[in-house]
Amino acid sequence: QVQLVESGGGLVQPGGSLRLSCAASLSRFSIYIMGWYRQAPGKQRELVAAIYSGGSTNYADSVKGRFTISRDNAKNTVYLQMNSLKAEDTAVYYCNGYRYIGGNKSPDYWGQGTQVTVSS
């Protein structure tokens with residue numbers, strides 16, 4: 001059974017920091033494209049950051065310069081370091097992963113989500 005398990009969410013004040021972790025039970029983890037998504041109440045789920053197998057990254061404009069995605073392939077874990085948090089960052093954050101097998105895209109695997117609340 002494929003499982004992605006997020007942790008590290010919680011309540012933080014504006015300007016604060018939080019580090020999210022996603023532990024993935026994925027065979028050949030290093031091959032997977034991993035990402036963090038978030039969904040605020042009443043809004044669509046959006047891509048926050050992604051990290052590719054080669055190490056390149058991509059960020060939503062709203063988080064550039066504040067968030068950093070990284071991965072530790074030896075630990076099958078992807079991280080999201082969130083600094084200078086704003087109230088607008090409040091959302092449920094989800095871990096996502098997929099890979100290509102012989103040119104064919106695998107299913108998307110999702111974690112259960114972890115709540116991040118930025119409030120004073």
Side-chain angles (χ1 to χ4, degrees):
Q1 180 85 306
V2 172
Q3 283 191 319
L4 306 182
V5 181
E6 302 98 334
S7 61
L11 175 65
V12 65
Q13 293 186 335
S17 297
L18 215 53
R19 190 194 198 200
L20 306 183
S21 298
C22 172
S25 61
L26 296 169
S27 181
R28 298 287 305 280
F29 174 79
S30 64
I31 299 299
Y32 280 78
I33 294 87
M34 302 298 298
W36 287 96
Y37 288 73
R38 68 186 181 187
Q39 187 166 25
K43 294 188 176 181
Q44 294 292 111
R45 187 174 299 186
E46 65 172 343
L47 176 67
V48 176
I51 185 164
Y52 302 91
S53 59
S56 62
T57 58
N58 188 50
Y59 298 92
D61 288 341
S62 59
V63 307
K64 284 181 180 176
R66 300 188 298 121
F67 290 11
T68 302
I69 188 170
S70 62
R71 66 195 298 163
D72 186 337
N73 290 333
K75 295 181 178 179
N76 279 31
T77 301
V78 62
Y79 305 95
L80 185 67
Q81 178 66 46
M82 304 184 292
N83 298 325
S84 301
L85 283 161
K86 305 174 180 180
E88 306 92 90
D89 296 317
T90 296
V92 177
Y93 284 71
Y94 298 91
C95 184
N96 168 271
Y98 68 91
R99 69 169 182 168
Y100 285 92
I101 307 169
N104 300 311
K105 184 182 179 294
S106 78
D108 283 282
Y109 299 104
W110 295 92
Q112 81 289 346
T114 186
Q115 176 71 47
V116 171
T117 302
V118 185
S119 177
S120 58

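Keep in mind it's a predicted model, so treat the numbers as computed, not measured. Throughout, residue positions are numbered sequentially from 1 according to the sequence presented.
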Pairwise disulfide bond (SG atoms under 2.5 Å apart) hits with a residue in [range], at least two apart:
range: residues 2-118; result: Cys22-Cys95
range: residues 51-83; result: none
range: residues 59-88; result: none
range: residues 37-70; result: none

>> Applying side-chain contact (heavy atoms from CB on, under 4.5 Å) to Trp36 and Phe67, what does each step give before you reach the verdict?
In response: CA-CA 11 Å; Trp36 287 96; Phe67 290 11; over 6 Å; no
>> I need the full list of side chain to side chain donor-acceptor pair (under 3.5 Å) pairs touching residues 110-120, with sequence neighbours left out, sorted by first then second residue.
In response: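 Listed once each, the pairs are Glu6-Gln112, Gln115-Thr117.
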>> Filter on side chain to side chain donor-acceptor pair (under 3.5 Å), then keep only pairs touching residues 44-55, sequence neighbours left out; what's left?
In response: Arg38-Glu46
> Quick one: ring pair (Phe, Tyr, Trp, His ring centres under 6.0 Å) partners of Tyr59, sequence neighbours excluded?
Replying inline: none
> If you look only at pairs with a residue in residues 106-120, which of them pass as a salt bridge (Lys or Arg N to Asp or Glu O under 4.0 Å), with sequence neighbours excluded?
Replying inline: Lys105-Asp108
> Is it true that Lys86 and Asp89 make a salt bridge, defined as a side-chain N closer than 4.0 Å to a carboxylate O?
Replying inline: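 Answer for the salt bridge query: no.
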Mind listing the closest non-hydrogen atom pair of [X] and [Y] along with its distance?
X: Ser106; Y: Tyr32; result: OG-CE2, 4.4 Å
X: Thr77; Y: Ser21; result: CG2-CB, 4.4 Å
X: Leu80; Y: Ala49; result: CD1-CB, 4.2 Å

> Do Leu4 and Leu26 have side-chain heavy atoms sitting under 4.5 Å apart?
Replying inline: yes
> Do any pairs count as a ring pair (Phe, Tyr, Trp, His ring centres under 6.0 Å) and have a residue in residues 73-95, sequence neighbours left out, and if so which ones?
Replying inline: none
> Quick one: side chain to side chain contact (heavy atoms under 4.5 Å, CB included) partners of Ala60, sequence neighbours excluded?
Replying inline: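 Ala60 satisfies side chain to side chain contact (heavy atoms under 4.5 Å, CB included) with Ser62, Val63 only.
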> Among all residues two or more places apart in sequence or in another chain, which pass the side chain to side chain contact (heavy atoms under 4.5 Å, CB included) test with Ser17?
Replying inline: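 Side chain to side chain contact (heavy atoms under 4.5 Å, CB included) list for Ser17, sorted by chain: Gln81, Asn83.
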> Using a side-chain heavy atom cutoff under 4.5 Å and only I, L, V, M, F, W and Y, what cluster partners does Ile31 have?
Replying inline: none
